[in-house]
Each structure stands twice: as structure tokens, then as C-alpha cells.
Participant: 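Can you keep this structure in mind? I'll have questions shortly.
Computed from heavy atoms alone, side chains included, the values below leave out hydrogens, waters and symmetry copies. Just so you know, residue 1 is the first one in the sequence shown, and it goes up from there.
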Amino acid sequence: MRRRTEQVTHTLRAAKWIGALLLVSLTAAACQGTASLETGGAAAVGAKQPLQIVKAEAVGASTVEVTFSGKLAGFDPKDISLVAAAGTWSELDPKLTRFLTVQKTSTRVDADSRTVAVFDIEEKLNPDATMPRPAVKDPRKIPLLTAKYYTGNEAADRKRADNLLTWQTAEGGWDKALEERSKQPWSSGPKSTWRSKSGGDLGTIDNDGTTNELLFLSLMYNETKEAKYKEAVRKGIDFLLTMQYPSGGWPQVYPARGNYSDYVTFNDNAMMRVVEVLQFIGQGHYPFDTDAVDAERKSKIQKSLDRATDYIVKSQIKANGVLTAWCAQHDPVTYEPRKGRDYEHPSISGSESAAIVKYLMSIPNPSDEARKAIDAALQWFETARIKDTKWEKTPSGNNFVPAQNSSTWYRFYEIGTNKGMFSGRDGVIKYSVLEIEDERRNGYAWGGTWPLPLLGVAKSTGYYENRVYARIVAENSKDAGGQTLRMGELKVIGKPDKAK
């Protein structure tokens with residue numbers, strides 16, 4: 001589980017990722033001003049620096065100090081809003097709508113002749129300067145649950161849950177796309193559409209398989225406390241833990257299918273969905289806030305997540321000596337990129353890599369290797385961005401359409417050249433989507449905006465769950481030279497650096 005004392009590391013990481021992203025778009029000359037750009041932008045060398053927020057710190061449970069880059073001739077408290085994120089990380093939308101109540105404001109000048117605004121607030125922050133959202137236990141809004149299992153009708157929900165119990169495989173998993181089939185209990189025949197090498201049933205994590213059933217049955221146990229649902233949830237968790245490779249990755253199915261499904265599967269975010277759900281379970285969020293998840297399983301889940309992170313870091317593709325991102329499939333032993341279906345070649349994925357980085361950024365206390373992986377991937381996203389272009393399905397003409405101020409990414413990039421790669425069902429690599437048959441050209445997502453929301457939050461807030469920010473909302477405060485604060489500037493509130 002996330003420890004409160006670890007969450008403060010997100011403050012430093014947010015600034016680091018913002019700087020890494022900005023470096024990508026700067027020219028060599030402009031790079032000399034990177035440090036000032038990271039804190040809100042800088043004028044040309046020799047020009048007067050604009051007023052900025054240098055730091056924002058919670059010096060007490062209800063006291064926040066905001067330090068500016070210079071001495072103010074006059075400070076208007078209405079220029080600063082203190083606001084907490086209401087959004088979850090899975091949304092990639094911070095929702096800065098939880099405004100803190102300021103009871104009193106004062107100012108002082110620090111040893112560097114900078115104005116410090118002191119805000120006494122009504123709310124109480126945690127020791128790590130976070131302010132968790134109030135817990136919401138709404139069975140209709142279970143994070144990560146994508147199947148439409150829950151209706152609110154007790155009899156109907158019990159029937160669906162009981163049906164799902166019959167569809168659970170001997171190993172503890174479920175097949176994908178069970179919404180229609182689970183309207184009836186399993187009676188005979190295969191439980192899964194794909195078969196194992198020996199012809200048996202397969203549990204899968206493809207298309208949210210197994211994870212949806214875990215979420216719904218955990219909700220049913222939360223509401224009914226019936227032991228049969230708890231047993232199914234525990235068996236499902238054990239299935240996910242068992243199917244994980246010793247190296248840390250997850251195949252698409254378990255037991256082995258005997259083809260590309262046995263590779264570590266980032267494709268369609270299968271593995272990252274599992275990691276996200278296990279993280280959710282391990283943290284004891286509703287509806288897993290019951291005895292369905294015991295201490296032993298929570299410990300196993302954390303060890304599993306640690307191995308997953310290790311695998312992710314080791315499988316990141318290096319091209320021309322530079323870390324980039326990830327393929328849709330990787331070898332569970334050698335970590336090398338691997339081929340999936342005929343039209344899914346070893347490559348760098350503009351889609352699956354976004355979900356991987358999103359997870360890495362959510363880790364409370366990442367290793368140096370994980371930080372390097374994040375920084376490198378964010379920079380690669382910027383390098384691989386196709387500007388003034390959007391992807392759309394069309395019966396004729398190019399699917400990559402000119403669109404001012406839009407960006408898209410290829411689904412697959414050739415390793416070493418960053419060229420877009422496309423294939424039809426014949427498996428022949430092409431470098432233009434127009435060269436493949438119409439069925440595959442419009443029947444597959446060869447382009448998309450997958451990294452865009454991630455890049456947006458990395459540039460603005462960084463990891464934001466439960467974080468509090470100081471935001472400039474007006475420009476009334478000025479220094480002796482008439483410089484004002486910069487509208488919209490955002491600074492995460494952290495704890496004071498005790499080393500200083």
C-alpha cells in the first residue's frame with residue numbers, strides 16, 4: 001500500500017518530468033534557460049525575469065508558504081488560489097476543483113529578499129502535504145469496471161454473479177467478453193473461446209477479461225458478505241499472481257496457448273490493466289475494503305507489482321543507444337520485442353507505451369531506473385509526435401489527415417528509424433497505410449492520440465492524486481519594477497527541504 005510518507009516524492013518527480021518534456025522542444029541556445037523555463041518561463045538572456053512562484057510548502061498542517069522569485073512592492077492575496085486535485089490518476093484529469101479555504105494571509109521577506117506569502121487554511125493537510133479525496137462508495141461508479149454487470153437490482157445482480165461463478169476456470173480466471181454469455185450459467189462445453197495447448201479452458205486478461213469479474217464479484221461480496229463471492233475473488237487474485245512470469249510480465253492467457261499470446265502482452269494494455277487493478281486491490285480501495293483480500297495476498301500483490309516494474313524497466317527498447325519506449329509484446333525471458341499477429345511486428349508502440357508510462361508515474365517511490373525510463377519515454381513521445389495531423393477512418397484517401405494544432409502518433413514505429421510501420425494480413429511491412437488492404441487499413445487503429453493526455457498532465461501537474469497546488473489566478477501583485485505574476489502558473493505544494 002502507498003505510505004503517506006512516500007507520496008511527497010511525487011512533488012520532486014513532477015518537476016523532473018516537466019523539465020524533461022520541455023528539453024525536447026528547446027533549441028540548443030534556448031536550453032541555457034531550461035531551469036527558468038521549468039518554473040514558468042524566462043525572458044531572453046539579460047532581460048528582467050518575470051515574477052514566478054519559486055516554491056510552495058506546507059510548513060504546518062494548516063499553513064502554506066508560497067515564495068516568489070523577487071520582492072513584491074504589494075501583494076494581493078486574491079492572486080493566489082490554493083486548490084487540490086479531485087481527479088483520480090486513471091482519469092488523467094486532475095480536476096483542480098477542490099478549493100481550500102484561506103482564513104488569514106500575511107507576508108514576510110526571506111533571507112534572499114524574496115516575498116513569502118503565508119496562508120493559514122481551514123483544512124488540515126497530511127504530513128506529506130497531501131489532502132486525500134473523501135472516500136466515495138458508489139457501486140455504480142467502481143473505478144476500472146468496464147463490464148455492465150451491475151444494475152442495482154439485487155436479484156438480477158445476484159443472478160449475474162452466480163452465473164459468473166460457473167464460468168470461472170479451474171485455475172481461477174475468466175474468458176473475455178462474458179457479458180452476453182454470463183446471462184446464463186455455464187452448463188457444458190468450453191468456458192473459453194481460446195483453448196490451451198492441451199485443449200483446456202483458458203483464463204485471459206485480454207479485453208478486460210478476469211479483471212472485470214474480480215471487480216464485480218468483489219462488489220457483490222461487499223454488499224452481500226456471501227462467502228462464495230469472497231472465495232471466487234481470492235481465487236481470481238491467485239490466478240493473476242500465478243500467471244505472472246518470474247521475470248515480472250503477464251502473458252495474455254493462462255495456461256499457455258502455444259502462440260503469441262504466451263509473450264508478455266502489453267498489447268491493448270492487457271498487462272497494464274492487470275497491474276492497475278492489482279494496485280487498486282492492494283491499496284484496499286472500495287469495493288476491496290473487506291476481508292476478501294487478506295494480509296498475505298496484499299503482501300504478494302506488492303511483490304508482484306515490484307516484479308512488474310522491474311520487467312517494464314528491463315524491457316524498454318534502446319535504439320541507437322537511446323532509451324525509447326516499448327513494443328506491444330515482449331519475450332518473458334530475454335525482454336526482447338516480439339511479433340504478435342501477422343500485422344503486429346516487433347516495433348515501438350505509440351499506444352501501449354502510454355499506459356506503461358502512466359503506471360510508472362503512479363509509483364510512490366520509484367527507483368532511479370524507473371525514473372530514467374519515464375524521462376526517456378516522455379522525450380520519445382515528443383520526438384515521435386506527428387504534428388498538425390490527425391488519424392481517422394476513411395473509405396478512400398490517406399487516414400492521416402492534415403489538421404492544424406492537432407497531433408497524432410503511429411501505432412507502430414520501426415525500431416531505429418521511427419518510421420511508421422503498417423501491415424495487412426499478409427504480414428508484409430509497409431511504410432504507408434495506403435499500401436495495405438482496406439479491411440486492415442480501416443479495421444485497426446494505426447494512429448491515435450494515446451500519449452496526449454499523459455503529456456498534458458506531465459507538463460502541468462505531474463502525478464496529481466491527492467496533491468495540493470498554488471495557482472496564480474490574477475495579476476494584481478507587483479514588484480518595484482512593475483512586474484506582475486504570471487496568470488495560470490501552477491506549483492505543487494510540498495514539504496520543506498530539511499537539508500536547507
Participant: When you check the gap from the basic side-chain N to the acidic O, do E489 and K491 get nearer than 4.0 Å?
Facilitator: no
Participant: Between NZ of K358 and CG of N269, what distance do you get to the nearest 0.5 Å?
Facilitator: 8.5 Å
Participant: Atom NZ of residue position K228 - does it have more than 12 heavy atoms of other residues, nucleotides or ligands inside 6.0 Å?
Facilitator: yes
Participant: Distance only, no hydrogens: is a donor on one side chain within 3.5 Å (strictly under) of an acceptor on the other, for N207 and D268?
Facilitator: no
Participant: Is any NZ, NE, NH1 or NH2 atom of the basic residue among E369 and K372 found under 4.0 Å from an Asp or Glu carboxylate oxygen of the other?
Facilitator: no
Participant: Just verifying a value: how many Å separate R411 CZ and W446 CH2, rounded to the nearest 0.5 Å?
Facilitator: 8.5 Å
Participant: W409 vs F381 aromatic rings, parallel, tilted or perpendicular, using cut-offs 30° and 60°?
Facilitator: perpendicular
Participant: Give a yes-or-no answer on whether the side chains of S407 and R385 include a donor-acceptor pair shorter than 3.5 Å.
Facilitator: yes
Participant: Any side-chain donor-acceptor pair under 3.5 Å between W380 and N418?
Facilitator: yes
Participant: Less than 4.0 angstrom from a charged side-chain N to a carboxylate O is my criterion; do E91 and K95 meet it?
Facilitator: yes
Participant: With heavy-atom distances below 4.5 Å as the criterion, would you say the side chains of L454 and M361 are in contact?
Facilitator: yes
Participant: Quick one, Y245 with W250, criterion ring-ring contact (aromatic ring centres under 6.0 Å, His included). Give me CA distance, side-chain angles, the key distance, then yes/no.
Facilitator: CA-CA 6 Å; Y245 285 117; W250 270 268; 9.5 Å; no
Participant: Walk me through whether D162 and R158 qualify under salt bridge (Lys or Arg N to Asp or Glu O under 4.0 Å).
Facilitator: CA-CA 6 Å; D162 290 343; R158 280 177 177 269; over 6 Å; no
Participant: State the CG-CG distance between L215 and D208, to the nearest 0.5 angstrom.
Facilitator: 9.0 Å
Participant: Cut-off 3.5 Å, side chains only: do Q302 and D306 have a donor facing an acceptor?
Facilitator: yes
Participant: Under 3.5 Å, is there a donor-acceptor pair between the E213 and Y149 side chains?
Facilitator: yes
Participant: Parallel, tilted or perpendicular: which fits the ring planes of F266 and Y311, with parallel below 30° and perpendicular above 60°?
Facilitator: tilted
Participant: Within 45° of the axis and under 6.0 Å from the centre of the six-membered ring of W167, does NZ or CZ of K191 qualify?
Facilitator: no
Participant: Is a side-chain donor-acceptor pair under 3.5 Å present for N259 with R341?
Facilitator: no
Participant: Could you check Y413, Y410, F412 and say which one makes a ring pair (Phe, Tyr, Trp, His ring centres under 6.0 Å) with F422?
Facilitator: Y410
Participant: In Å, rounded to the nearest 0.5 Å, how long is the span from OH of Y263 to CD of Q329?
Facilitator: 9.0 Å
Participant: Cationic tip of R257 within the cone over Y260's six-membered ring, i.e. under 6.0 Å and within 45° of the normal?
Facilitator: yes
Participant: Verify, without hydrogens or angle tests, whether S218 (side chain) and L214 (backbone) share a donor-acceptor contact under 3.5 angstrom.
Facilitator: no
Participant: Roughly how far, to the nearest 0.5 Å, is the CD1 atom of I356 from the OG atom of S349?
Facilitator: 7.5 Å
Participant: Quick one: do K159 and E154 make a salt bridge, cutoff under 4.0 Å?
Facilitator: no
Participant: Got a donor-acceptor contact below 3.5 angstrom from the S247 side chain to the P332 backbone?
Facilitator: yes
Participant: Rounded to the nearest 0.5 Å, what separates atom OG1 in T394 from atom CZ in R441?
Facilitator: 6.5 Å
Participant: Classify the ring geometry between Y254 and F239 as parallel (under 30°), tilted (30 to 60°) or perpendicular (over 60°).
Facilitator: perpendicular
Participant: If you count heavy atoms of other groups shown closer than 6.0 angstrom to CD of E439, is the number above 12?
Facilitator: yes
Participant: Under the salt bridge (Lys or Arg N to Asp or Glu O under 4.0 Å) rule, what do E179 and K183 come out as? Steps first, then yes or no, please.
Facilitator: CA-CA 7 Å; E179 282 191 51; K183 289 179 179 179; over 6 Å; no
